[in-house]
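Notes follow the structure.
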Number of protein chains: 2
Amino acid sequence: MMELTRKGEYAIRGIVYLAGKPIDKVCLLSDIAAAVDVPPTFLAKIFQQFSKIGLVKSFRGTGGGFLLGRAPENITLLEVVEAVEGPIIPNRCVVSPPECERSGFCKVHPVWKRVQGEVRSVLAGVTLKELTNKEH
Amino acid sequence: MMELTRKGEYAIRGIVYLAGKPIDKVCLLSDIAAAVDVPPTFLAKIFQQFSKIGLVKSFRGTGGGFLLGRAPENITLLEVVEAVEGPIIPNRCVVSPPECERSGFCKVHPVWKRVQGEVRSVLAGVTLKELTNKEH
DNA sequence: AACTAAAAAGACTATATGTATCCTTTTAGG
DNA sequence: CCTAAAAGGATACATATAGTCTTTTTAGTT
Ligand code: SF4
Ligand code: SF4
């Protein structure tokens with residue numbers, strides 16, 4: 001239950017790799033994919049999503065590739081995960097407006113709200129900077 | 001992401017309903033299903049799982065039905081959810097032995113461990129007793 | 001013993017989601 | 001204009017989800 005998909009996992013690997021590179025180092029998708037052991041075509045789709053929302057910057061053509069969109073200390077794991085997996089929804093009643101007509105009186109409903117809050121809070125508390133294997 | 005399935009949702013509804021009934025009141029599956037608005041055939045499967053692990057007691061034949069296996073204050077939401085959805089696994093590296101060869105050096109790994117811990121802790125902190133709409 | 005009520009068990013179906021791959025198009029540099 | 005690289009779109013396949021249906025077992029009733 002509650003398992004991150006490959007897409008999410010690959011997304012994190014890919015962007016963490018970028019975060020570990022010098023801020024102005026343009027990386028080839030094929031290099032990133034190879035380094036983090038992800039199918040390149042799949043990673044391409046993921047990075048397209050990142051690019052659309054500015055999490056990464058992309059450059060086409062010769063000499064193109066990817067760059068981190070912002071400083072690694074300003075990108076949280078929550079953002080990365082939600083970018084590709086959508087919002088953290090432990091149960092469908094936590095969306096607004098609630099998708100369950102029982103949410104008004106249901107005692108379980110607030111529990112899922114708490115779960116959502118805790119997960120978001122853990123993920124929001126981690127930045128890409130902390131996730132690289134660089135010591136500075 | 002991380003969404004409870006219908007099965008899990010229905011499981012909770014069903015067992016919370018049981019928990020709200022007198023401890024010795026044998027309930028028909030069909031009644032439970034109607035009360036909590038779940039397809040009876042689906043709920044049957046769920047209660048079979050509950051029955052196997054003793055979360056509910058079942059009686060066949062005339063006058064049969066279901067009873068809560070233990071006192072509602074001794075059954076946590078975590079147990080109920082894990083009974084039908086399996087363990088809380090936010091990412092596959094949190095199982096033991098770890099299913100990812102990167103888990104040794106990966107900085108993301110401990111984050112998923114934390115997520116798992118938080119979710120489990122929230123769910124383990126809620127008992128069926130607190131989830132009924134009865135005030136005593 | 002026969003009948004009936006009810007859960008257990010197993011097979012089956014349909015739909016949605018996940019996990020990719022491939023091909024074509026756009027963009028940019030040399 | 002040729003080549004490198006990302007973007008976009010279509011497609012294929014596998015797995016999981018959500019449920020139904022039928023048959024079997026068990027237990028009480030008449
Ligand atoms: S937990 Fe309660 S409010 Fe949420 S989906 Fe289930 S019944 Fe509805
Ligand atoms: S978070 Fe790290 S250890 Fe866990 S699956 Fe991803 S790479 Fe492996």
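We name chains A, B, ... by the order of the sequence lines, and we start the count at 1 in each one.
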Q | Distance below 4.0 Å between Y10(B) side-chain N/O and dA18(D) OP1 or OP2 | A | no
Q. Charged N to carboxylate O under 4.0 angstrom, E79(B) versus R70(B)?
A. yes
Q) What is the distance from CD1 of I32(A) to P of dA5(D), rounded to the nearest Å? A) 12 Å
Q | Heavy-atom donor-acceptor pair, Q116(B) side chain to I88(B) backbone, under 3.5 Å | A | yes
**Q.** Protein-nucleotide distance (L4(B), atom CG; dA18(D), atom P), rounded to Å
**A.** 9 Å
(Q) Rounding to an integer number of Å, can you tell me how far L28(B) CG sits from dT26(D) C1'? (A) 15 Å
Q: For K57(A), answer base if it contacts any base atom (sugar-phosphate contacts may also be present), sugar-phosphate if it contacts only those atoms, and nothing otherwise; contact means non-hydrogen atoms under 4.0 Å.
A: nothing
Q: Figure out the CZ/C1' separation between R13(A) and dT19(C), and round it to whole Å.
A: 14 Å
Q. Can you tell me how far C1' of dT19(C) sits from CD of E3(A), to the nearest Å?
A. 14 Å
Q: Inspect the contact between E118(B) and R114(B) and indicate whether a charged nitrogen and a carboxylate oxygen are less than 4.0 angstrom apart.
A: no
Q: Sugar-phosphate atoms are those with a prime plus P, OP1 and OP2; base atoms are the rest. Using that split, label each nucleotide of nucleotides 25-30 of chain C B, S or - for protein heavy atoms under 4.0 Å, 5' to 3'.
A: -BBBS-
Q: Measure from NZ on K7(B) to P on dT17(D) and round the result to the nearest Å.
A: 8 Å
Q: Go through L18(B) and F66(B) one step at a time and tell me if the side-chain contact (heavy atoms from CB on, under 4.5 Å) criterion holds.
A: CA-CA 8 Å; L18(B) 260 194; F66(B) 294 91; 4.1 Å; yes
**Q.** Side-chain (K57(B)) to main-chain (L67(B)) donor-acceptor, under 3.5 angstrom
**A.** no
Q. Which ones in residues 38-49 of chain A lie close to DNA chain D, meaning a heavy atom under 4.0 Å from one of its atoms?
A. K45(A), Q48(A)
Q | Candidates T127(B), V126(B), V80(B) - the one meeting side-chain contact (heavy atoms from CB on, under 4.5 Å) with I75(B) | A | V80(B)
Q.
Just the rounded figure in Å: distance from C1' of dT26(D) to CZ of F66(B).
A. 13 Å
Q. Once you round it to whole Å, what is the distance between C1' of dG9(D) and NZ of K52(A)?
A. 11 Å
Q: Determine whether the side chains of E9(A) and N91(B) contain a donor N or O and an acceptor N or O closer than 3.5 Å.
A: yes
Q: Look at S51(B) and dA7(C) and indicate whether a side-chain polar atom (N or O) is within less than 4.0 Å of OP1 or OP2.
A: no
Q) So, are R120(B) and E82(B) salt-bridged, with charged N and O less than 4.0 Å apart? A) yes
Would you list the atom pairs, donor with acceptor, under 3.5 Å between side chains in residues 41-52 of chain B and any protein atom, with sequence neighbours excluded?
| unit_1 | atom_1 | unit_2 | atom_2 | d |
| --- | --- | --- | --- | --- |
| Q49(B) | OE1 | K7(B) | NZ | 2.9 |
| Q49(B) | NE2 | A83(B) | O | 3.3 |
| S51(B) | OG | S58(B) | OG | 3.4 |

**Q.** Under-4.0 Å side-chain N/O to phosphate OP1/OP2 contact, T5(B) with dA18(D)
**A.** yes
Q. So what does S30(B) hit on the nucleic acid, given a heavy-atom distance under 4.0 Å: a base, only sugar-phosphate, or nothing?
A. nothing
